[in-house]
Amino acid sequence: MPTNDASVPTYHNYIGGAWVPAADGRVIANRDPANGELLGYVPDSGQADAERAVQSAKDACDSWRKTPAPKRGEILYRVGRLLEERKEALAQQMTREMGKVLVEARGDVQEAIDMAYYMAGEGRRLFGVVVPSELPNKAALGLHDPLGVIACITPWNFPMAIPAWKTMAALIAGNTLVLKPAPDTPFSSISLVEAFNDAGLPPGVLNLVCGGAEVGMPLVRHADVAGVSFTGSNAVGRLINVEAAQQLKRVTLELGGKNAIIVMDDADLDLAIDGIVWSAFGTTGQRCTACSRLIVHRQVRAEVEQRLLARVAQLRLGHGLEPTTDVGPVINATQRERIHSYMAVAHQEGARLLTGGDFATEGDLAQGNFYRPTLLTDVTPTMRVAQEEIFGPVLSIIEIGSLAEAIAVNNHTPYGLSSAIFTQDINRAQTAIRDMTTGIVYINAGTIGAEIQLPFGGTRGTGNGHREAGLGALEFFTEWKAVYIDYSGHLQRAQIDS
Ligand code: UN1
């Protein structure tokens with residue numbers, strides 16, 4: 001437990017509409033990954049806090065479920081407006097705690113605003129179904145019911161967008177929530193909850209507990225939690241799924257990717273290079289959707305490598321608040337070590353380092369967790385650097401000789417989140433759309449930048465089949481209720497009477 005430094009703010013959990021410290025008073029320090037600066041403290045919550053938060057969400061369930069969905073939507077509209085008004089301050093706060101460059105932090109807040117308006121509109125839709133009955137004088141319809149109390153456990157790489165995806169979809173559907181943000185980036189979630197509070201969300205409908213697994217796992221195990229929405233690592237996702245399965249809880253998992261960009265020999269290379277640099281090194285490679293494999297046709301490989309090298313040499317590392325910075329720090333020292341451990345793996349397996357491959361420590365960079373943008377080449381499809389998620393600024397280059405080979409390499413990983421192809425040939429593009437087995441496919445654009453009105457998620461080890469955002473999210477956060485209304489006045493037996 002760090003010593004409490006009074007010169008920085010100490011934030012609390014939000015339970016039952018009140019800001020409260022952890023039951024045992026423990027706190028975690030929040031630091032700027034670019035320079036180690038102490039930003040403040042948040043509660044290091046545990047079992048007792050989880051129980052309190054779940055009880056509060058449970059108490060609020062009945063009245064929130066019965067609040068008309070358009071009224072729930074009005075609150076979300078207000079949240080959207082508040083986030084718009086506060087966007088710049090929220091983005092700066094996010095850059096400080098997470099490290100992503102300011103322009104990207106603004107995008108992260110914008111994604112939350114987009115989601116607020118999208119889900120607010122859903123308050124006037126939440127479409128069910130009306131179908132004909134096989135019997136006369138009988139109506140048949142399907143309605144969406146909320147699940148009850150949901151635990152939302154969110155990662156540090158999209159500190160506001162992902163908490164917004166989860167909470168806004170779950171709330172419009174009539175659920176009540178406990179949100180537990182990643183310990184590395186709690187401030188953005190606290191600010192999001194402040195916006196809900198200021199927008200008039202009734203007490204208990206959304207609760208926030210800060211901390212790590214000591215509060216996360218009690219939420220997952222709690223008998224009154226009906227569903228868990230988790231984004232994070234594969235290892236933690238599996239644990240959560242196994243725990244939740246004991247009680248047959250509904251779980252959605254979004255666990256990352258090993259996303260690839262294919263560059264064919266007919267590609268517009270200017271465009272492709274822009275897409276690769278943005279997807280591989282934007283957010284310092286710390287997006288689930290980040291491009292970590294470049295699958296390039298042998299005819300253009302040499303040129304692409306040479307141009308990438310030139311572009312990577314121009315990328316400026318630094319604090320994300322500096323307007324000149326292209327690439328911020330990685331989130332923490334552990335992640336940086338983990339990224340770096342892949343350099344030895346790559347070397348052992350015969351990959352060749354083109355550039356990067358080490359900590360960046362010159363000048364002020366020495367104070368933070370900086371890692372050099374890295375290109376590995378001569379990578380083959382089954383090497384560990386082509387199969388495992390590294391989650392940092394590392395791009396593995398794989399040469400192929402045909403579209404069929406490119407697609408086979410693209411599909412052959414334990415993940416299936418996002419893939420992209422650069423080609424000017426419509427037949428190749430259509431073939432790729434048909435045959436690439438990821439949840440998201442881009443044509444002539446990089447692997448990052450999904451919009452909230454389409455389902456977000458992936459195949460294979462990326463998750464467990466559910467989708468976030470778009471209408472996919474509402475499927476997860478609701479149960480179908482089938483309703484039969486017999487107005488014939490006598491007993492009608494389905495499948496028997498005609
Ligand atoms: C993530 O990395 O988990 O599509 C989310 C994108 C962003 C969301 C990424 N809109 O890159």
Side-chain angles (χ1 to χ4, degrees), residues 83 91 94 98-101 103-119 152-169 181-182 184-185 188-189 192 229-234 236-237 252-261 274-293 327-328 330-331 335 339 389-395 415-420 436 438-443 445-459 461-464 466-470 472-473 476:
L83 295 178
M94 186 187 300
M98 188 277 169
K100 64 174 71 178
V101 295
V103 65
E104 292 189 36
R106 290 189 189 119
D108 195 317
V109 179
Q110 186 58 46
E111 202 159 336
I113 296 166
D114 295 344
M115 196 61 164
Y117 290 142
Y118 179 86
M119 284 299 166
C152 301
I153 303 179
T154 56
W156 46 261
N157 69 332
F158 272 80
M160 185 158 290
I162 294 180
W165 292 1
K166 295 186 190 303
T167 57
M168 290 168 180
D184 279 307
T185 55
S188 297
S189 280
L192 179 66
S229 179
F230 172 78
T231 300
S233 74
N234 204 286
V236 175
T252 177
L253 303 170
E254 206 278 278
L255 309 176
K258 192 68 195 172
N259 315 295
I261 291 178
D274 281 346
I276 296 162
V277 172
W278 171 230
S279 302
F281 303 118
T283 328
T284 320
Q286 301 173 110
R287 292 196 192 206
C288 304
T289 50
C291 172
S292 62
R293 295 181 299 153
V327 179
V330 299
I331 188 72
Q335 273 299 118
I339 293 165
E389 187 178 49
I390 299 174
F391 223 66
V394 179
L395 180 67
Y415 297 99
L417 183 53
S418 180
S419 39
M436 296 207 287
T438 50
I440 305 171
V441 167
Y442 289 94
I443 306 299
T447 53
I448 67 177
E451 302 176 27
I452 57 93
Q453 60 275 24
L454 275 180
F456 181 94
T459 60
T462 288
N464 58 347
H466 296 291
R467 293 292 184 269
E468 298 203 71
F476 177 79

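For ligands, and for the atoms within them, numbers begin at 1 and follow the listed sequence. Treat the numbers as computed from the prediction; the structure is a model and nothing was measured.
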Measure the spacing between [atom1] of [X] and [atom2] of [Y] and express it to the nearest 0.5 Å.
| X | Y | atom1 | atom2 | answer |
| --- | --- | --- | --- | --- |
| I390 | R293 | CD1 | CZ | 11.0 Å |
| T284 | K100 | OG1 | NZ | 9.5 Å |
| E254 | R467 | CD | CZ | 9.5 Å |
| S229 | I153 | OG | CD1 | 9.0 Å |
| I162 | T154 | CD1 | OG1 | 7.5 Å |

Check your understanding: If you count only heavy atoms, which residues are under 4.0 Å from ligand 1?
Key ->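 Residues E111, N157, F158, I162, W165, E254, R287, C288, T289, I448, G449, A450, F456 each place a heavy atom under 4.0 Å from ligand 1, listed by chain and number.
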Practice item. Please step through ring-ring contact (aromatic ring centres under 6.0 Å, His included) for the pair W165 and F476, ending with a clear verdict. Key: CA-CA 12 Å; W165 292 1; F476 177 79; over 10 Å; no
